[in-house]
Amino acid sequence: MQITAEEMKKSIQKLYNMLEEVTPLDYDCGTLCNEVCCLYDEEDCPNKDLVLYLLPGEELMYENSKYFDLYYIDPKELDYPRSWKDEVFIVECNNPPHCDRKIRPIQCRTFPLIPHITKDGKFHLILDKNEFPYECPIIRDNIPLNEDFIQVTYKVWKILITNPNVHALIQFDSRRRDNKRKGYKIII
Ligand code: SF4
Ligand code: SF4
């Protein structure tokens, strides 16, 4: 049965609400790094064109937002699994690190935890410093994440990977990570 846009929006909102209740640390971790994950760009200067990849259905949250510009890309132009045929939506943050936090993407809400699927199919959340071009102090200094943040993030990703595109993408990224053999830390 085809899911309607309204139903899809509701299910994304439910995930946003779950993640709204938790934070990686008990204080704003942006104070540790001057919000580098919002502001970094390749020239190492404030990023006015920060782009975030959305998960399927999240694009519905960004229609008419003054904080974000919404675009789509043909998946053939990206390093994405071949099975992903739908458009890939991205948002650009207009005024980082300020944004409408009520609709910030799942990618931001679950950071710095990363979904990973092992070769034998087990799903984990990991920390991987090789994944980002900047240094996240939580990873660098082994700062323990709040347990409720880990648990809720795990629950949310378990729901997200029921979407075959999301599952394929995580598997694709996980094999690439394994091939790099640079090591990562399993959190759950
Ligand atoms: S997640 Fe890491 S890089 Fe991002 S604001 Fe927190 S400490 Fe900084
Ligand atoms: S959506 Fe908000 S929290 Fe996420 S990177 Fe952009 S400015 Fe930062």
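When a ligand or atom number is given, it counts from 1 through the structure's own listing order. If you read the sequence from its start, that first residue is 1, and numbering goes on from there. All figures in this text were calculated on a predicted structure; none of them were measured in a lab.
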Heavy atoms only, cut-off 4.0 Å: how does Tyr67 contact ligand 2, side chain, backbone, both, or neither?
neither
Using distance alone, with no hydrogens and no angle criterion, decide if Asn130 and Asp128 have a side-chain donor and acceptor under 3.5 Å apart.
yes
Is it true that Asn95 and Lys66 share a donor-acceptor pair across their side chains at a distance under 3.5 Å?
no
Phe172 and Ile161: same hydrophobic cluster, using ILVMFWY side-chain contacts below 4.5 Å?
no
Under 4.0 Å from ligand 2, counting heavy atoms only, is it the side chain of Asn95, its backbone, both or neither?
neither
Plane angle bin for Phe132 and Tyr134 - parallel if under 30°, tilted between 30 and 60°, otherwise perpendicular:
parallel
Sub-3.5 Å donor-acceptor pair from the side chain of Glu58 to the main-chain atoms of Leu55, do we have one?
yes
Kindly indicate, with the supporting measurements, whether the criterion ring-ring contact (aromatic ring centres under 6.0 Å, His included) is fulfilled by Tyr154 and Phe123.
CA-CA 9 Å; Tyr154 188 81; Phe123 178 74; 5.4 Å; yes
Tell me, which protein N/O/S atoms are under 2.8 Å away from atom 8 (Fe) of ligand 1?
Cys33 SG
For ligand 2, is there an atom lying under 4.0 Å from some heavy atom of Leu39?
no
Within 4.0 Å of some non-hydrogen atom of Phe68, the atoms of ligand 2 are 1 (S)
Less than 6.0 Å separating the ring centroids of Tyr184 and His116?
yes
Pair Asn17-Glu21, side-chain donor/acceptor within less than 3.5 Å:
no
Hey, is there an N, O or S on His98 sitting under 2.8 Å from atom 2 (Fe) of ligand 2?
no
Heavy-atom distance under 4.5 Å between the side chains of Ile12 and Leu60, does that happen here?
no
Below 4.0 angstrom from a heavy atom of Pro105, which ligand 2 atoms are there? Numbered from 1 as shown, please.
1 (S)
The answer for which part of Cys108 has a heavy atom under 4.0 Å from ligand 2 is side chain
